[in-house]
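Working notes for the structure below.
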Amino acid sequence: MSLDIVIERIKARVAAVDPNGPRKVLGVFQLNVKTGSGVEKWIVDLKQLKVEQGASASPDVTVTVTLEDLVAISGKTLTVGDALKQGKIELTGDAGLASKLAEVI
């Protein structure tokens, strides 16, 4: 699976959120995805309900992960907790929001 497919899934999940309804997760995630050609940076902004390529000036949570592990987390074959225990994912920032990462990706 490619990064484009994972990003499209994330965009679809974000687009499905009712902007006027209650939200489970409210924050800005910086995704740094390690690929074969370098690191791709994506902003998942759950405050403004948008996903875009680039780097956030002040994310609530920064996530660094390989493409393979992001695909596994997105496909629910690897939990965020297990990825952390195995050193497959690096999280910095708001621990409460970081724990809700699986709901985002």
Side-chain angles (χ1 to χ4, degrees):
M1 184 182 306
S2 71
L3 180 57
D4 292 336
I5 293 171
V6 174
I7 294 298
E8 288 306 314
R9 282 185 182 176
I10 294 170
K11 285 181 178 179
R13 288 180 182 150
V14 171
V17 174
D18 179 357
N20 300 313
R23 298 190 217 168
K24 293 180 182 179
V25 184
L26 190 63
V28 178
F29 291 82
Q30 173 68 54
L31 287 180
N32 299 326
V33 184
K34 299 175 189 175
T35 67
S37 59
V39 177
E40 288 199 35
K41 297 181 180 222
W42 288 86
I43 303 165
V44 180
D45 186 339
L46 298 179
K47 294 177 182 175
Q48 302 296 317
L49 296 177
K50 62 183 180 177
V51 178
E52 60 189 13
Q53 195 164 17
S56 173
S58 56
D60 296 304
V61 178
T62 299
V63 180
T64 304
V65 63
T66 65
L67 174 57
E68 294 77 18
D69 292 328
L70 180 63
V71 167
I73 292 167
S74 178
K76 310 295 185 216
T77 59
L78 177 66
T79 67
V80 173
D82 286 344
L84 278 168
K85 289 176 192 171
Q86 296 170 18
K88 294 183 174 187
I89 189 171
E90 297 172 35
L91 296 173
T92 58
D94 185 320
L97 276 177
S99 69
K100 298 179 181 181
L101 179 63
E103 296 177 37
V104 178
I105 58 173

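Basis for what follows: all heavy atoms, side chains included, without hydrogens, waters or symmetry-related copies. Sequential numbering from 1 along the given sequence is applied to the chain's residues.
Taking OG of Ser2 as the reference point, atom CG of Leu67 lies at 7.5 Å (rounded to 0.5 Å). Atom CG of residue Asp4 and atom CZ of residue Arg9 lie 12.5 Å apart, to the nearest 0.5 angstrom. A distance of 12.0 Å separates OG1 of Thr64 from CG of Asp69, quoted to the nearest 0.5 Å.
A donor-acceptor pair under 3.5 Å is formed between the side chain of Arg23 and the backbone N or O of Leu46.
Closest approach of Thr66 to Val33, counting heavy atoms only: C-CG1, 4.3 Å. What you find for Leu78 and Ala83 is that their closest heavy atoms are CD2-CB, 3.8 Å. Nearest heavy-atom pair across Ser74 and Arg13 is O-NH2, 3.8 Å. Among all heavy-atom pairs drawn from Lys100 and Lys24, the shortest one is NZ-O, 3.3 Å. Taking both residues in full, the closest heavy atoms of Gly27 and Asp60 are given as CA-OD2, 3.2 Å, listed atom of the first, atom of the second, then distance. In terms of heavy atoms, Lys41 sits closest to Gln53 at O-CG, 3.3 Å.
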Problem set entry | CA sep, side-chain torsions, deciding dist, call: Val65, Asn32, side-chain contact (heavy atoms from CB on, under 4.5 Å) | CA-CA 6 Å; Val65 63; Asn32 299 326; over 6 Å; no
For this session: May I have the step-by-step check of side-chain contact (heavy atoms from CB on, under 4.5 Å) for Leu3 and Leu70, ending in yes or no?
Result: CA-CA 8 Å; Leu3 180 57; Leu70 180 63; 3.9 Å; yes
For this session: Start with the C-alpha gap between Ile10 and Leu31, add the side-chain angles, then the distance that decides, and say whether side-chain contact (heavy atoms from CB on, under 4.5 Å) holds.
Result: CA-CA 11 Å; Ile10 294 170; Leu31 287 180; 4.0 Å; yes
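Hydrophobic clustering places Val44 together with Val17 (ILVMFWY residues linked when any side-chain heavy atoms are closer than 4.5 Å, directly or through intermediates). Hydrophobic clustering (side-chain heavy atoms under 4.5 Å, transitive across Ile, Leu, Val, Met, Phe, Trp, Tyr) keeps Ile73 apart from Val39. Placement of Phe29 and Leu49 within a single hydrophobic cluster is found when ILVMFWY residues are connected by side-chain heavy-atom separations under 4.5 Å, directly or transitively.
Under the side-chain contact (heavy atoms from CB on, under 4.5 Å) criterion, Ser56 pairs with Val28, Gln30, Ile43, Pro59, sequence neighbours left out.
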Identify each donor-acceptor pair in which a side-chain atom of residues 87-96 lies under 3.5 Å from a protein atom, sequence neighbours left out, and give them as a table.
unit_1, atom_1, unit_2, atom_2, d
Lys88, NZ, Gln86, OE1, 3.2
Asp94, OD1, Gly96, N, 2.8
Asp94, OD1, Leu97, N, 3.0

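Heavy atoms from other residues, nucleotides or ligands lying under 6.0 Å from NZ of Lys76 number more than 12.
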